[in-house]
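Letters go in sequence order (proteins before strands), and every chain restarts at 1. Just the heavy atoms: all of them, side chains too, but no hydrogens, waters or symmetry mates, feed the values below.
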Amino acid sequence: MSLKPEDFFKNVISHCKEYGYIFQSSEIYDGLSAVYDYGQNGAELKKNIREYWWKAMVQLHENIVGIDASIFMHPTTWKASGHVDAFNDPLIDNKDSKKRYRADVLIEDHVAKIEDKINKEVEKAKKRFENFDEAMFRSTNARVVEYQNKINDINTRFKTAMNASDLDAVKQLILDCEIVCPISGTRNWTDVRQFNLMFATQLGSVSDESSTIYLRPETAQGIFVNYSNVQKTGRMKIPFGIAQTGKAFRNEIVARQFIFRMREFEQMEMQFFVKPGTEMEWYEYWKKARLNWHLSLGLGETHYRYHDHIKLAHYANAACDIEFEFPFGFKELEGIHSRTDFDLKQHEEFSGKKLQYFDNEENRSYVPYVVETSVGLDRLFLSIMSSAYKEETLEGGETRSVLSLPPALAPIKAGVFPLIKRDGLPELAEQIVNALKLDHMVIYDEKDAVGKRYRRQDAIGTPYCITVDHQSLEDQTVTLRERDSMQQERVKIADLNRILDEKVSLKSLLKTLI
RNA sequence: GCGGAAGUAGCUCAAUUGGUAGAGCUCUAGCCUUCCAAGCUAGAGGUUGCGGGUUCGAGACCCGUCUUCCGCUCCA
């Protein structure tokens, strides 16, 4: 394939639209930025991916159960989780350089510069005096004390302003500090604006402060708030997991790269509750288990890599991503985080309810630690789509576009064709469709030459085509044509259901995990 | 959100630089056809992204707006 990566990616996007996988949302109204709809084939593929994940998690693990929590949650949830604070970035633009900055980062950088000055004073003094008492110097040197007071003052003002959501005060602070834009060097700033990454809406008909609720920015909290319910009613014993798939919403500043970063997206998450102190074992276990799951799709081992986080989020004591090589480079596909007891402890504090586990072996209660696996369903969809899509050049110079989807995930498992549209062949083909459709997604097609019908199925990733010819009427056999190799074999009609079961059912994929 | 580029049929693209919006593929109906995008006939599909303006006349020029792509910025 001699295409440049960005051209290849464009072709993937076009293919998704042309064959009913993904449409832009509200396209007839010019679309909505970074929101997409799944079409007739996309919905099937997405559903199959979700089902494979769910079965691999819930059905294959006795100690993992699934739930389906609401998108709306009590507003305090997001205070406890840290999202109200962490997701509220105050932003400011420099009118000359047209660059945008986070106001808090500008102020932090400014504070860091003053700290540098202090450190320089300390270094100088160190060289000058023997028996240097650093603590004493820091608390008595006039210049250092002045700097330190300045820092304290800035930090206090910033904290007060942020707690009061007083954005004008934040701007005033930036002006008072005489902070300049690193690019333009000017102090020509816009007002500070809050950019909340959570979507807010009103619950009930009266809109006041207390009725503001958010669309969840992650699904994990739905699991944490139900921890006790599930643990008790499900008689779950640690270690155990709670799995969930569902939509989450983030008002991204820039959302791009097709369905890679959308404002509305679907997560598939599993929170695994473990005894404190054992979390690193389980973290390593799930790192391996999740990579294995991805590898089972057969997209190629070299497309995946781990990326361990060095800078950890406020809630984690270990974190890594499983990255996938998209047409635009290696990007996060799944996150595996050791979230400690941060979330449950926060919810204990904010709700006043105990979220603990009584360990019979140890005869004590504790707040469990959590190891999270969180994968983006849409990203998974894109990873599968972009590695399945191929433009092949066949012998004779003609090209065919084919989606080499993992057979078990393909929207349509088999196309059933009469070789020609008469002599009773359509009737027999219809009978075959009716016999197969209880177990498998199959379609019937009699339009155009059979070769063309094969190519149509190739383009949407149908792994098998079944063709009824005149011989079929005599000996009840048909040809079975495989998508990737284009090889055909003659099989008995009576064996079709079993063959499809072996080759295209989710069971065939799940078997590889055990 | 900033800067740059683009937007014409489902797809890929034309339209003499301001003068009748067209082709191929796809799609639909029919004919023909014994296994890899064959052929024939007929048909459908468009307020040229949207809204203004200039002009006798705008797909083309100007302004605004929406969307997409590229680069910044952002991505707990």
Side-chain angles (χ1 to χ4, degrees), chain A residues 4 6-7 9-11 13-15 17-20 23-36 39 78 81-89 91-102 105 183-184 190 193 195 197-198 217-218 220 250-258 260-261 263 309 311-316 319 328 331-332 335 337 339 342 392 394-396 398-402 417-423 425 446-459 465-473 478-483 485-490:
Chain A
K4 282 188 288 181
E6 57 266 34
D7 290 334
F9 188 44
K10 274 181 188 166
N11 289 350
I13 295 169
S14 310
H15 197 85
K17 187 195 171 183
E18 192 166 354
Y19 292 94
F23 307 123
Q24 200 184 0
S25 163
S26 325
E27 195 187 271
I28 61 167
Y29 292 107
D30 282 336
L32 191 60
S33 183
V35 186
Y36 291 90
W78 307 114
S81 69
H83 285 86
V84 171
D85 296 326
F87 265 78
N88 271 309
D89 296 335
L91 300 175
I92 189 165
D93 292 352
N94 184 272
K95 289 178 189 165
D96 298 313
S97 66
K98 310 282 187 198
K99 294 290 171 193
R100 162 169 295 183
Y101 302 92
R102 275 173 55 175
V105 172
I183 306 288
S184 67
T190 62
R193 280 169 299 174
F195 201 93
L197 279 102
M198 288 196 289
E218 65 172 25
R250 290 182 199 179
N251 198 2
E252 302 281 356
I253 299 173
V254 172
R256 240 189 257 160
Q257 279 161 327
F258 197 38
F260 183 79
R261 178 166 292 128
R263 300 221 155 88
H309 289 203
K311 194 182 130 206
L312 295 170
H314 58 277
Y315 52 71
F328 41 86
K331 297 277 179 185
E332 178 185 356
H337 298 166
R339 294 181 76 127
F342 176 84
E392 286 184 350
L394 304 175
E395 293 168 37
E398 38 169 7
T399 61
R400 75 162 182 157
S401 57
V402 51
F417 314 142
L419 186 57
I420 55 169
K421 204 170 33 173
R422 59 163 198 232
D423 303 339
L425 301 187
E446 60 174 27
K447 175 75 183 163
D448 298 314
V450 72
K452 197 165 185 173
R453 284 176 265 165
Y454 287 148
R455 297 301 170 82
R456 270 205 285 266
Q457 295 307 315
D458 289 341
C465 290
I466 296 160
T467 303
V468 175
D469 57 18
H470 289 93
Q471 190 187 332
S472 308
L473 299 173
V478 290
T479 59
L480 185 69
R481 181 258 194 193
E482 199 271 333
R483 175 193 64 202
S485 64
M486 299 192 284
Q487 296 293 311
Q488 299 185 60
E489 59 173 323
R490 200 141 195 112

Checklist entry - Do you know which two heavy atoms are closest between Phe260(A) and Lys331(A), and how far apart they sit? => result CZ-CB, 3.4 Å
Next on the checklist: Checking contacts here: which listed nucleotide (A37(B), U68(B), U34(B)) is nearest the side-chain heavy atoms of Leu419(A)?
Outcome noted: U34(B)
Next on the checklist: Please tell me if Arg422(A) has a side-chain N or O lying less than 4.0 Å from either OP1 or OP2 of U33(B).
Outcome noted: yes
Checklist entry - Under 4.0 Å between a side-chain N/O of Gln471(A) and OP1 or OP2 of U34(B), yes or no? => result no
Item to check | Interatomic distance at C1', A23(B) relative to A15(B), whole Å | outcome: 11 Å
Item to check | Side chain of Tyr36(A) (C-beta onward), nearest among U33(B), C11(B), U68(B) | outcome: U68(B)
Checklist entry - Of all the nucleotides listed (C35(B), A76(B), A37(B)), which has the minimum atom distance to the side chain of Asp469(A)? => result C35(B)
Checklist entry - In whole angstroms, how far is the P atom of C75(B) from the NZ atom of Lys331(A)? => result 13 Å
Checklist entry - Given side chains that start at C-beta, do those of Arg261(A) and Arg250(A) come closer than 4.5 Å, heavy atoms only? => result no
Next on the checklist: Taking the side chain as everything from C-beta on, heavy atoms only, tell me whether Arg456(A) gets closer than 4.5 Å to Asp448(A).
Outcome noted: yes
Item to check | Rounded distance (Å) that lies between atom P of C74(B) and atom CG of Asn251(A) | outcome: 17 Å
Checklist entry - Asp423(A) CG to U34(B) P: how many Å, rounded? => result 9 Å
Next on the checklist: Rounding to an integer number of angstrom, what distance separates C25(B) and G39(B) when you compare their C1' atoms?
Outcome noted: 16 Å
Next on the checklist: Taking the P atom in each of G1(B) and G64(B), what is the distance between them to the nearest angstrom?
Outcome noted: 16 Å
Checklist entry - Taking the same atom, C1', in U65(B) and in G30(B), what whole-Å distance lies between them? => result 47 Å
Checklist entry - Mind checking the P distance from C62(B) to G18(B)? Whole angstroms is fine. => result 11 Å
Item to check | Protein-nucleotide distance (Glu446(A), atom CD; U34(B), atom C1'), rounded to Å | outcome: 16 Å
Next on the checklist: Heavy-atom nearest nucleotide on RNA chain B for Gln24(A) versus Thr467(A): which residue maps closer to 5'?
Outcome noted: Thr467(A)
Checklist entry - In whole angstrom, what separates Phe260(A)'s CZ from U68(B)'s C1'? => result 19 Å
Checklist entry - Between G51(B) and G59(B), how far is it from one P atom to the other, in whole Å? => result 13 Å
Checklist entry - Applying a 3.5 Å limit to both distances, which nucleotide forms a Watson-Crick or G-U wobble pair with G39(B)? => result C31(B)
Checklist entry - Taking only side-chain nitrogens and oxygens of Lys17(A), does any of them come within less than 4.0 Å of OP1 or OP2 of C11(B)? => result yes
Checklist entry - If you pin Ile13(A) and Val450(A) to their nearest nucleotides in RNA chain B, which one's is more 5'? => result Val450(A)
Checklist entry - Would you say the side chain of Arg490(A) lies within less than 4.5 Å of the side chain of Gln471(A), judging by non-hydrogen atoms? => result yes
Next on the checklist: Using the rule side chain to side chain contact (heavy atoms under 4.5 Å, CB included), only one of Gln488(A), Gln487(A), Glu489(A) pairs with Leu480(A); which is it?
Outcome noted: Glu489(A)
Next on the checklist: Let's test your reading of the model: under 3.5 Å, does the base of C36(B) pair with the side chain of Arg481(A) as donor and acceptor?
Outcome noted: yes
Checklist entry - Does a nitrogen or oxygen in the side chain of Arg456(A) sit under 4.0 Å from OP1 or OP2 of C27(B)? => result yes
Item to check | Closest to side chain of Ser14(A), choosing from U68(B), G30(B), U12(B) | outcome: U12(B)
Next on the checklist: Could you tell me how far apart Phe328(A) (CZ) and C69(B) (P) are, to the nearest whole angstrom?
Outcome noted: 11 Å
Next on the checklist: On the nucleotide C27(B), are OP1 or OP2 found under 4.0 Å from the side-chain N or O atoms that Lys447(A) carries?
Outcome noted: no
Next on the checklist: Is any side-chain heavy atom of Arg481(A) closer than 4.5 Å to one of Phe417(A)?
Outcome noted: no
Checklist entry - Counting side-chain heavy atoms from C-beta on, which of U34(B), C35(B), C36(B) comes nearest to Met486(A)? => result C36(B)
Next on the checklist: Among A76(B), C27(B), C36(B), which nucleotide has an atom closest to any side-chain atom of Arg455(A)?
Outcome noted: C36(B)
Checklist entry - Do any side-chain nitrogens or oxygens of Arg261(A) fall under 4.0 Å of OP1 or OP2 in C74(B)? => result no
Item to check | For atom CD1 of Ile420(A) and atom C1' of G39(B), their distance in whole Å | outcome: 16 Å
Checklist entry - C35(B) C1' sits how many Å from Arg453(A) CZ, rounded? => result 9 Å
Checklist entry - Is there a donor and acceptor pair closer than 3.5 Å between the side chain of Gln488(A) and the base of C35(B)? => result yes
Item to check | Test item: Lys447(A) and Arg453(A) side chains (from C-beta on) under 4.5 Å apart, heavy atoms | outcome: no
Next on the checklist: Taking the P atom in each of U48(B) and U20(B), what is the distance between them to the nearest angstrom?
Outcome noted: 15 Å
Next on the checklist: Distance check, P atoms only: A9(B) and C50(B), in whole angstrom units.
Outcome noted: 10 Å
